[in-house]
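Notes follow the structure.
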Amino acid sequence: MKRYSINKNNTGLWKTDVQKSVIFYNEWFLNFAPSTYVNARQDAINKVENAFQKTECFNNLSIDMLRNAPETVTILRMATTPPLARDRLMGLADVPKSFIKGMEEGIFPVRMPAEMRDDYLCSIIEVIRKLLDVDVMPWLETGSFPHEMDRLLATHVIGDRVCGSLADPIIRNEQERRQLESISRFLSDRGYTFEDSKNISGFKSMPPGTFTYHLNVPAKMGRRQNVNMPIDVVIMRKSAKAGELPLLIECKSAGDFTNTNKRRKEEATKIEQLKNTYGKDIEFILFLCGYFDSGYLGYEAAEGIDWVWEHRIVDLEKAGI
């Protein structure tokens, strides 16, 4: 049986905590975003310039080029009008999404026949050629090479598009890094030791006083199907006795109220699967920062899920940490 209640029953504090959490998130964003975007933008511009060099300023789109530099497909998507989302390119070219995603990561499916791969590449090039933005790259209409100013302008315009398409992942990754570092500092200050998840054979066998990140916890989905549920933070309390399960934490950070309310059922599904697997005493809480309103909190509380705010991380002590 759980030994504590952290914030789910403190309804009188919800409104104030939401306000403090939004302020905490916005202050972080304003301090973090400018430098990150500057670095990301310059990186994107460099990638566009590199793509220009490989394609003779997009005059020469070839299968050989994409074979040797498949990641260039990201730049090509942003050089069209309108810029193509991955799913849109997938549909227009009739190419599997996994194939395009793999290209963006610089790889091709290992077992795919070369003939099928090249057919996909031909389809992608055909779509891209039809949609290349000639307003940004006017030299393409004549098959010539751009003047230096035209090239520079196109590089920056397409680079901005690439940076914009990567903005959300950049923010999400930095949010996760910040939250994990915050928890790590809190635990380390209290004598806990970090263990790499690669060295943990099972979450139930973690030694007392240890914690880890990104650990797969087996769970039941339905009567027969088992899944590996990724858990952001797993903590085995220093006071844990033999057979006691660790505390599971899901890190959540959001920059608007809309998306959090759309995704609030995800946590309810997770706790249901965990309870079906390990019983009602399994401990699963949220670590929240940003835009989580009373509607979201009420839904999670009704599902029996508790939470700790990042702006008041000391509340982890209420969970016996």
Side-chain angles (χ1 to χ4, degrees), residues 1-33 36 168 170-190 192 211 213-214 229-235 237 239 246-272 274-275 280-321:
M1 187 68 73
K2 289 185 180 179
R3 303 180 295 275
Y4 57 86
S5 174
I6 306 173
N7 283 306
K8 69 175 183 177
N9 294 327
N10 296 331
T11 54
L13 295 178
W14 286 8
K15 183 177 180 180
T16 300
D17 275 330
V18 170
Q19 293 171 341
K20 289 181 178 179
S21 186
V22 168
I23 292 171
F24 183 98
Y25 176 90
N26 287 340
E27 288 179 348
W28 167 80
F29 186 88
L30 290 173
N31 289 325
F32 158 77
T36 299
D168 286 345
I170 290 170
I171 294 296
R172 284 198 300 271
N173 290 339
E174 184 61 20
Q175 286 172 347
E176 180 185 56
R177 186 190 66 78
R178 185 200 71 240
Q179 289 194 299
L180 293 181
E181 285 184 355
S182 179
I183 292 174
S184 181
R185 285 195 301 271
F186 180 87
L187 294 174
S188 296
D189 288 346
R190 284 156 180 77
Y192 283 80
F211 69 100
Y213 303 146
H214 302 141
M229 182 181 297
I231 301 295
D232 292 330
V233 184
V234 181
I235 307 170
R237 295 180 182 86
S239 60
L247 173 65
L248 311 181
I249 300 179
E250 178 91 350
C251 294
K252 309 288 287 186
S253 186
D256 65 80
F257 289 122
T258 303
N259 285 333
T260 54
N261 283 316
K262 282 182 179 178
R263 301 178 62 184
R264 63 189 183 182
K265 292 183 179 180
E266 295 177 3
E267 292 80 29
T269 300
K270 281 192 173 184
I271 190 61
E272 180 182 5
L274 288 168
K275 285 181 177 179
K280 64 181 181 179
D281 291 338
I282 188 73
E283 298 173 90
F284 175 81
I285 65 174
L286 306 176
F287 188 58
L288 302 180
C289 175
Y291 290 67
F292 297 91
D293 60 17
S294 295
Y296 175 93
L297 301 178
Y299 185 93
E300 301 299 351
E303 295 294 331
I305 300 175
D306 217 327
W307 60 86
V308 169
W309 295 101
E310 187 173 351
H311 68 263
R312 197 171 60 246
I313 191 173
V314 71
D315 281 352
L316 275 173
E317 292 178 349
K318 296 179 181 179
I321 300 302

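- Summarising the geometry, atom CD1 belonging to Ile183 is positioned 11.5 Å from atom OG belonging to Ser188; distances are rounded to the nearest 0.5 Å.
- When atom types are taken as modelled, the side chain of Asp293 and the backbone of Tyr296 share a donor-acceptor pair closer than 3.5 angstrom.
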### Task
Take Glu267 and Glu300, measure what side-chain contact (heavy atoms from CB on, under 4.5 Å) needs, and give me the verdict at the end.
CA-CA 8 Å; Glu267 292 80 29; Glu300 301 299 351; 3.0 Å; yes
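- Using a 3.5 Å distance cut-off with no hydrogens or angles, the side chains of Glu27 and His311 do not pair a donor with an acceptor.
- Using modelled atom types and a 3.5 Å distance limit, the side chains of Tyr25 and Asp256 yield no donor-acceptor pair.
- Side-chain atoms of Ser253 and Trp28, non-hydrogen and from C-beta on, never get closer than 4.5 Å to each other.
- Side-chain contact between Ile249 and Val308: absent, with no pair of heavy atoms (C-beta onward) separated by less than 4.5 Å.
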### Message
Show, in sequence, the C-alpha distance, side-chain angles and deciding distance for Arg190 and Leu316, and conclude whether the side-chain contact (heavy atoms from CB on, under 4.5 Å) test is met.
### Response
CA-CA 11 Å; Arg190 284 156 180 77; Leu316 275 173; over 6 Å; no
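- A side-chain donor-acceptor contact under 3.5 Å links Tyr213 to the backbone of Leu180.
- Pairing each heavy atom of Lys8 with each of Trp14, the nearest pair is O-CZ2, 3.0 Å.
- By the 4.5 Å heavy-atom criterion applied to side chains, Glu176 and Gln179 are not counted as neighbours.
- Side-chain contact between Val22 and Phe257: present, with at least one pair of heavy atoms (C-beta onward) separated by less than 4.5 Å.
- Remark: Glu250 pairs with Asp232, Lys252, Lys270, Phe284, Leu286 by the side chain to side chain contact (heavy atoms under 4.5 Å, CB included) rule, at least two apart or across chains.
- The shortest distance between side-chain heavy atoms of Phe24 and Glu310 falls below 4.5 Å.
- Using a 4.5 Å heavy-atom cutoff, the side chains of Tyr299 and Lys265 are in contact.
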### Query
Can you list the steps and then say if Asp17 with Arg312 is a salt bridge (Lys or Arg N to Asp or Glu O under 4.0 Å)?
CA-CA 9 Å; Asp17 275 330; Arg312 197 171 60 246; 2.7 Å; yes
### Query
Please walk me through it: do Asn9 and Asp306 pass side-chain contact (heavy atoms from CB on, under 4.5 Å)?
CA-CA 9 Å; Asn9 294 327; Asp306 217 327; 5.9 Å; no
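- A 4.5 Å side-chain heavy-atom check between Val233 and Phe287 finds every atom pair outside the cut-off.
- Here the side chains of Leu288 and Ser21 are not in contact, with every heavy-atom distance at 4.5 Å or above.
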### Test side-chain contact (heavy atoms from CB on, under 4.5 Å) applied to Phe29 and Gln175, step by step
CA-CA 9 Å; Phe29 186 88; Gln175 286 172 347; 5.9 Å; no
